There are 2 protein chains.
Amino acid sequence: MMSITDILYNGSMSRWQSDAQQRLAQAALTLYLERGFERTTVAEIAAHVGLTERTFFRHFSDKREVLFGSSNQLQALVVSAIMQAHKSATPIQAVAVGLEVLGELFAPRLEWSRQRQAVINQTPELQARELTKFNSLAHGIAEALQQRGINEFTASLSAEIGIVIFRAVFERYINPSNQKSWTHLLEESLEQVKTIMAGLNNRLPDVVGAKRRR
Amino acid sequence: MMSITDILYNGSMSRWQSDAQQRLAQAALTLYLERGFERTTVAEIAAHVGLTERTFFRHFSDKREVLFGSSNQLQALVVSAIMQAHKSATPIQAVAVGLEVLGELFAPRLEWSRQRQAVINQTPELQARELTKFNSLAHGIAEALQQRGINEFTASLSAEIGIVIFRAVFERYINPSNQKSWTHLLEESLEQVKTIMAGLNNRLPDVVGAKRRR
DNA sequence: AGCATTGATGTCAGTCACTGACATAGCAAG
DNA sequence: CTTGCTATGTCAGTGACTGACATCAATGCT
C-alpha cells in the first residue's frame, strides 16, 4: 500500500542543478504576490533565479502552471484513497474518504496555500486554470469510482459534488478566522449538501408544475 | 414581468453596420470547426468578414470570448427565473426552476449548440473559458438565492450543485442519441444527486471513522 | 445645404507569451 | 580522454492583444 510520502515524493531527482524547478516556482509566487501576476514577466521570474525565459518554459508549460505543480500529487492522493475505501462504502462515502486525507496535505502548507490562493483570487487567468485542475480532479475521481463498479452517470455526478464540497471546505479551512478541523468542515459541508437535496421533496403550491403541464 | 425575449433582446442596436459582431462570431465558429481553434488566427476570422484584427478585439475581449456571447443572456434568464420562483420553494427547488427555463433557450439552437460544443470539447483553452462562465453563473445564482433570504453557505452550495446538474443535463441533452426532454433530464439528474447524498447515511464497518479516531 | 459630432473602423508600432532549431557546457561512464 | 546525456543558453519567429492616432460615414444641429 502506498503511503502519502510515497505518492508525494518526486522520484526522479536529477543529481545536478537539483531544484531549478522549485526555485522558479518560489520566485514566481513571490513576484506574483508583489507585482501581481499580469505585471510580472516570465523573463523577470527566470532572471530572479539566474536563469533564462527559455528555461522557465522547459520546466513549466505555462506562466500559470508554475502555481499548480502540486495538483497532480493532490489528485493521486485522492484517487488512491478512494480506491482503498471500504468495499461497502457508497459513492459519496468513498469520495468523502478521498477528500478527508487531503487534510494531512494542507495542514503543513497552510501559509503557502494562503499566499497561493491570494494570488489566484486576484487573477482571472489563474482562476480559470484552477477550475480546469478541479475539472481534471473530478474526472480522476469519477474514473476511480467507476473502477469501484459504479455506473458512469452516478460516478461523475458524485465526483463533481465532491469537487463542490472540496472547494467549500478548502475556502473555509484557509480562512484566517477558521478554528475548525478539515474533517469537521468536511462533515459539515457533506451534511449541508444532503440537507439541500432533501429540500427537493418540499411540496410546492405549483410553480414548477405549471410550466411542465403546458 | 420580463419575458424571455425581453431578456434576450439586445436593446442597444446601433443602426449602422448592424451586425459585425454576429458576422465575426459566425465566421469564428465556422473556422474553428474547419481548421481547429489554435490553427485559426484572429486576422483570418476578421478577414473572412471583411474586417480587421483590431476590430475583432473591439467586439470581443479575446479570441475565446467570441464563442461565449450568449452566456450573459443565459445567466440573466436563470437568475430572473430563480427570483420569480414561488416564495415557499426550497433553495434547490428555486435552482431547479431556474434551470428548467433553459430548455426553451436551447431547443431552438440545438444544432448550433452542438457545433459550438464540439469545438469547445476539442480545445482545452475553450474548456477553461467555459468553466469560468459556469463559475460566474454559479455566483449569479448564489446571489439570487441570497436575495431570497438564504444564507451564503447554503446559497453557494445550492448554486454550485445547480451547475453540476446543469452540466450533466446539457451534456445528455446535446447528445444526438438523446430522446428525452430537457425537463425530464433535469428531473432525473436532480433525483440522482438526491439519491447520491442519501448514501451518506450508509453504516460503514468503519474505514472513515478509523482515521478520525486516531 | 453646411458643419460639427460621434461611433465604427483602419493603421501602425509595440509588448509579451510561447516555440523550434541549434549551440554550449558540465558531468558521467567507458 | 572521448563519447554521450542533460540542463541550459541564444536567436529568430509567430500570434494574441493594446494604445495612439487617423479616417470616414451617418447624424443632428443650425
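Letters A, B, ... mirror the listed sequences (proteins, then strands); counts begin at 1. What you see is a predicted model; the values in this text were computed from it and never measured.
Checking A/H59 against B/R58, the closest nucleotide of DNA chain D that is more toward the 5' end is the one next to A/H59.
Between the CD atom of A/E65 and the P atom of C/dA17 there is a distance of 16 Å, given to the nearest Å. Distance B/I45 CD1 to C/dT9 P: 16 Å, rounded to the nearest Å. With rounding to whole Å, A/R23 atom CZ is found 12 Å from D/dA7 atom C1'. If you take CG of B/L24 and C1' of C/dT9, they are 12 Å apart, rounded to a whole angstrom. As a whole-Å value, the separation of A/F60 CZ from D/dA7 C1' is 14 Å. Rounded to whole Å, atom C1' of C/dA8 lies 17 Å from atom CD of B/Q22. Here D/dT23 presents its C1' atom at 15 Å from CG of B/L51, a figure rounded to the nearest Å.
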Annotated protein contacts, base or backbone, on nucleotides 12-17 of chain D with a non-hydrogen cut-off under 4.0 Å, one of B, S, - each:
----SB
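For B/T183 and B/E187, the side-chain atoms include no donor-acceptor pair closer than 3.5 Å. For the 3.5 Å distance criterion, the side chains of A/Q26 and A/T30 qualify, holding a donor opposite an acceptor. A donor-acceptor contact closer than 3.5 angstrom links the side chains of B/H184 and B/E188. If you check the side chains of B/Q117 and B/S113, you find no donor sitting under 3.5 Å from an acceptor. Side-chain polar atoms of B/T123 and B/E38 form no donor-acceptor pair below 3.5 angstrom. Counted by atom type alone, A/S70 and A/Q73 present zero donor-acceptor pairs between their side chains at under 3.5 Å.
Taking side-chain N and O atoms only, A/T52 has no distance below 4.0 Å to OP1 or OP2 of D/dT8.
Residues B/F56 and B/D62 come closest through the heavy atom pair CE2-O, 3.5 Å.
A cation-pi arrangement is absent between B/R116 and B/Y32, since the terminal nitrogen or guanidinium carbon is not both under 6.0 Å from the aromatic centre and inside a 45° cone about the axis.
Remark: nothing in residues 115-124 of chain B comes within less than 4.0 Å of DNA chain C through any heavy atom.
Here A/E130 does not pair with A/K133 in a salt bridge; the nearest charged N to carboxylate O distance is not below 4.0 Å.
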